[in-house]
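These values consider heavy atoms only, across backbone and side chains, with no hydrogens, waters or symmetry-generated copies. In what follows, chains carry the letters A, B, and so on, assigned in the order in which the sequence lines appear, proteins first and then strands, with residues in each chain numbered from 1. All of these numbers come straight from a predicted model, not from anything done at the bench.
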Protein chains: 2
Amino acid sequence: MSTLETGKPPSDKEGAAGREKSADPLMVMSVEKAFRVLSAFGRQHQTMSLSQVASVAEMDLSSAQRFTHTLTKLGFLKKDRETKRFELSSKTLDLGYHFLRGNRLVDKAMPYLMHLSKETEETVNLTMPEDTEIIFVSRFLSRHVLNTDVIVGTRMPAFCTAPGIAMLSRLPEAEAVAIIDRSNLKAHTPSTTWRREDLLVKIRQSAQQGYATAFEEFYHGDASIAAAILDHRGRPEGAVNVAVSCSRYTHDEVVSRFSSLVIAAAHAISRV
Amino acid sequence: MSTLETGKPPSDKEGAAGREKSADPLMVMSVEKAFRVLSAFGRQHQTMSLSQVASVAEMDLSSAQRFTHTLTKLGFLKKDRETKRFELSSKTLDLGYHFLRGNRLVDKAMPYLMHLSKETEETVNLTMPEDTEIIFVSRFLSRHVLNTDVIVGTRMPAFCTAPGIAMLSRLPEAEAVAIIDRSNLKAHTPSTTWRREDLLVKIRQSAQQGYATAFEEFYHGDASIAAAILDHRGRPEGAVNVAVSCSRYTHDEVVSRFSSLVIAAAHAISRV
DNA sequence: TGATGTTTTATCGACATACGATAACTTCTA
DNA sequence: TAGAAGTTATCGTATGTCGATAAAACATCA
């Protein structure tokens, strides 16, 4: 965490108001609150009235009023004139759009992903690691299986996905173990590898093979094979994977057909 | 630059304190600044040092310091420990993800888009209107033409796209005209319909036919046909379109093959 | 290698900003 | 039609943010 923590004699008047803040003097709290409002919306709460926002985002009415007003003016929230309810607007896509369009990795991976997509005719993904999770940042759907459960921006636990294991296997083992240990390990399906020891075996094996596989470890019926993309210092910065339906391939077929392709793609992207 | 603004007061107003703000007492300016920092990043500025952020986002060093710090703590920016440069992180995808996952229209359109995609084997899109622009919110690529110029979150001018015209044609004409008039009309290609009068004709025609077409009006080689989706009050809230390569279809073929399909899809989505 | 300029990190007093209570108003409900 | 519930507007004031600047890290070059 931040290196500064010192300068404040703890015994002050500040306790009076109650809130013991993180006391980070560089932190602009209003920004945090604004995002608390925005992320209060989602599948559970597609639209909310002012007072709902206040209660879901855990702030008083006045704050909710100020922040919804601000975010509406900025275009991130839309307010229905009749129902007085708020919802996220399409402008929320802008940030992610800028990220995708500016990202080095996404950019350089694109042609290789396209090639892989045409060659395999199966679903191809680019993912990036974020602590214990992976995030889908690019996606080419197979023509047959149009799965809309996963879209760009979807997160999954690293430990039970092929891209996750592939990336973990390229970290110094201590780091990988640390991530595993702070993951919420559990069986998402009957086939999930979720025990610490088993995961370590899987990671070591993946390190050796250069690819990782996952068979119905998160979604029923899904098989996936992945290889990690390394940055200039050799650290994993992403993964490319091919996802297919279990019913159409055995484990061995997946490996024999796709392993060298995903490895080659990941390798090529790594050294562009 | 997006057109939404609080309406900048032309305050050449002096300024002991300088900033004569929009004087909206409910506006939390810190939030606006935070987004100014975030949207300073993009294709031009993939990574920036602190002082670059300050200059691009037009704020003093201290502010840049506070906001980059805040945004980094919140996870939206990443800082490279050695180069000390900032870049957007994959967390920026979260907001848009919540929008997509929570949005009624996107949700109900999905099965129809998938169906259309399989039936046509061409690229299918769902777009939403935002003032003078359209935004791509869902996208199924044709297996042959993997165009990565357009991704979810991409914006285009409404006036020179099929979805844009289709939606404009469902507005009361006065409103459509107002939008046209505040658009930045210009020829993006030699084929762009960009003159006010011609656009009005096109809009009226689209209103009659129930669909709109665009042939190389924005991208060279692109043909597109679209129909608007109406909300419960009959106002356009989106559009579905099929995009193909000009080289493979004549205008008439596009119309004869796809017009009834996109109209049917849009119609079905409208009344779910 | 040390001198000099540049960028980043840390600190702090001052005061404008955002806070939050509440009043005024509007919309539902019974 | 009264009364509740929710939304919008107002306002004095404590707080949190501002922005100048000091200290430290880093880069450049004689």
For this session: Provide, to the nearest angstrom, the distance between the CG atom belonging to A:Leu50 and the C1' atom belonging to C:dT26.
Result: 14 Å

Problem set entry | Between D:dA5 (P) and A:Gln52 (CD): distance, integer Å | 16 Å

Exercise. Given that A:Leu61 and A:Ser30 both sit by DNA chain C, which one's nearest nucleotide is further toward the 5' end?
Worked result: A:Ser30

Problem set entry | Separation of C:dT9 P from B:Arg85 CZ (nearest whole Å) | 13 Å

Exercise. So which heavy atom on A:Gly153 is nearest to which on B:Tyr97, and how close?
Worked result: C-CD1, 3.6 Å

Problem set entry | Given D:dT10, C:dG20, D:dG6, the nucleotide with the shortest approach to the side chain of A:Ser51 | D:dG6

Problem set entry | Separation of atom CG in B:Leu26 from atom P in C:dA18, rounded to whole Å | 11 Å

Exercise. Reckon B:Phe67 touches a base, only the sugar-phosphate, or nothing at all at heavy-atom distances under 4.0 Å?
Worked result: sugar-phosphate

Problem set entry | Between D:dT8 (P) and A:His69 (NE2): distance, integer Å | 11 Å

For this session: Starting from the 5' end of DNA chain C, give me the residue, A:Asp60 or A:Glu82, whose nearest nucleotide shows up first.
Result: A:Asp60

Problem set entry | Nearest-angstrom distance from the residue atom CG of B:Asp80 to P of C:dT7 | 18 Å

Exercise. Of all the nucleotides listed (D:dT10, D:dG19, C:dT9), which has the minimum atom distance to the side chain of B:Lys79?
Worked result: C:dT9

Exercise. Do the non-hydrogen side-chain atoms of B:Asn125 and B:Val240 ever get within less than 4.5 Å of each other?
Worked result: no

Seminar exercise, completed: Here the distance between atom P of C:dT22 and atom CD of A:Gln65, to the nearest Å, is 15 Å

